[in-house]
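Proteins come first, then strands; the chains are lettered A, B, ... in the order of their sequence lines, and each starts at number 1.
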There are 2 protein chains.
Amino acid sequence: MKEAMQLSRLRQEFILHFGEMGARWGINRTVGQIYALPVLADAPVCADDIVAALGVSRSNVSMSLKELKGWRLVNRRHVPGDRRDHFETPQDLWHSTRILVEERKKREIDPTLTRLRELELRAEGDPDTGAAARITEMRAMIELMTDWYDEMNKLETEKLVALLRMGARLKKMIDAAGDVLPLSIRTKG
Amino acid sequence: MKEAMQLSRLRQEFILHFGEMGARWGINRTVGQIYALPVLADAPVCADDIVAALGVSRSNVSMSLKELKGWRLVNRRHVPGDRRDHFETPQDLWHSTRILVEERKKREIDPTLTRLRELELRAEGDPDTGAAARITEMRAMIELMTDWYDEMNKLETEKLVALLRMGARLKKMIDAAGDVLPLSIRTKG
DNA sequence: CCTTCATTTCAGACATGCCTGAAATTGACA
DNA sequence: TGTCAATTTCAGGCATGTCTGAAATGAAGG
């Protein structure tokens, strides 16, 4: 760490934590730390700011920013009178969260759903009916979840928050409905 | 790959895919493949079965199973008349899914929530009020989501599925309610 | 169109993670 | 408690990922 830019103790610890968590989130330490900077910053940050704050190489910053752009977690923002690129995170935390969830779904779930559908089609002729049944079951379950997610994702943030605030009340509703209405489900395959 | 155990084409492709996805899911190829085996298997599998099916070393299987146990995604199951340990995945796919979500939350979200709370407390005396405000905002958002998750997670699977099936109807409900009731939210900090 | 600064790319060094065979440990059964 | 098979641990080797400085590319202003 060379002459670190002046960061408040609070920011330092926040950034350090995002670095530690980076690995668990499937990015890496540096990318995590770099992301943490514009989250807290009051103004868009440029690459030099990041170098000064974290003491990593200029090229590392470039590549890490590229990755963050790939995740759509940072946006370029032109700062008048400065030729350098500046970056910021969406001001609305909910917006960032939506993007994050969307990207993870795209990377971690969609490919599997696609592949399961392919295998399901090809399973028509396959004598391995046991495997085929389980593949169908898994495909159906994932589809149920992603369809629901798609629907909820259409809600504007205000209403999404309202839904989340319903928490316990919503649970009671569902519980009560279940005692009256028939909830017909194939529980297992 | 040495003399591979006889696996149907379908199983092979399923296992291969889980291997490919392993890296994206934060485990690794071998662990992913090993997990795929008992998912499709009709009976609990033992370490030797895995070695035969995947052609990896016995010690690798041991370590990978240890990791899967850490994720609570496989359970040991005693098979009468066989001294070897056997492993299976929960028969109910929803059960596995719940465990998976729970473990990821525990590893990827809870530590951050804990840390944000700590920082929030320590922020009392800190002059960096901008950072403090954003930390509070983030903590509150994550809490809202995890509280909601906790509530929904209490639902038994039947009712959880019913909720998911509601999808579009639920969205309409929320939409309609929003036009009538005041949904007071601080949208941004 | 040329200069200058910013950004990106890339090869090689370094670090981390993964896999293996050999050795140590565990545990069931006599 | 001794035996033996099964499992786990671990050091070392291989593979992959990360980071850097140097060189190439890009872009804005004269």
Residues in side chain to side chain donor-acceptor pair (under 3.5 Å) contact with A:T114, at least two apart in sequence or another chain: none

Terminal helix-axis angle for the helix from C:dC1-D:dG30 to C:dA30-D:dT1, with five pairs defining each axis and rounding to 10 degrees: 40°

Closest contact, heavy atoms only, A:R165 versus A:R169: O-NH2, 3.9 Å

Tabulate atom names and distances for all N/O pairs under 3.5 angstrom spanning the protein and nucleotides 8-15 of chain D.
from  : atom 1 : to    : atom 2 : distance (Å)
D:dT8 : OP1    : B:K69 : NZ     : 3.2
D:dT8 : OP2    : B:S62 : OG     : 3.0
D:dT9 : OP2    : B:K66 : NZ     : 3.1

Side chain to side chain contact (heavy atoms under 4.5 Å, CB included) between B:C46 and B:D82, worked out: CA-CA 10 Å; B:C46 72; B:D82 196 331; 5.6 Å; no

Under the salt bridge (Lys or Arg N to Asp or Glu O under 4.0 Å) test, residues paired with A:E13 that sit two or more places apart: A:R9, B:R115, B:R122

Electrostatic pair B:R107:B:E103 at N-O distance under 4.0 angstrom: yes

Residue pairs, two or more places apart or on separate chains, that pass salt bridge (Lys or Arg N to Asp or Glu O under 4.0 Å) and touch residues 32-45 of chain B: A:R134-B:D42, B:R11-B:D42

Test side chain to side chain contact (heavy atoms under 4.5 Å, CB included) applied to B:L100 - qualifying residues, sequence neighbours left out: B:W71, B:L73

Side-chain polar contacts of residues 25-37 of chain A - donor-acceptor pairs under 3.5 angstrom, sequence neighbours left out - could you list them?
from  : atom 1 : to     : atom 2 : distance (Å)
A:W25 : NE1    : B:E108 : O      : 2.9
A:N28 : OD1    : A:T30  : N      : 3.0
A:N28 : OD1    : A:V31  : N      : 3.0

Spacing of B:I50 atom CD1 relative to C:dC19 atom P, expressed in whole Å: 14 Å

B:H78 NE2 - D:dT7 P separation (whole Å): 12 Å

Sequence-distant partners of A:E156, side chain to side chain donor-acceptor pair (under 3.5 Å), two or more places apart: none

Residues that, via side-chain heavy atoms closer than 4.5 angstrom, fall in one hydrophobic cluster with A:V79: none

Exam field: side chain A:R117 to backbone A:R139, donor-acceptor pair closer than 3.5 Å: no

Short heteroatom pairs, N/O only, protein and nucleotides 23-30 of chain D, under 3.5 Å:
none

Sub-4.5 Å side-chain heavy-atom contact between A:M152 and A:L155: yes

Nucleic acid contacts - residues 27-35 of chain B versus DNA chain C, non-hydrogen atoms under 4.0 Å: B:N28, B:T30

Interatomic distance, A:E67 CD vs C:dT8 C1' [rounded to whole Å]: 16 Å

Between C:dT7 (P) and A:D49 (CG): distance, integer Å: 10 Å

Pairs involving residues 61-71 of chain B, ordered by first then second residue, that meet salt bridge (Lys or Arg N to Asp or Glu O under 4.0 Å) (sequence neighbours left out): none

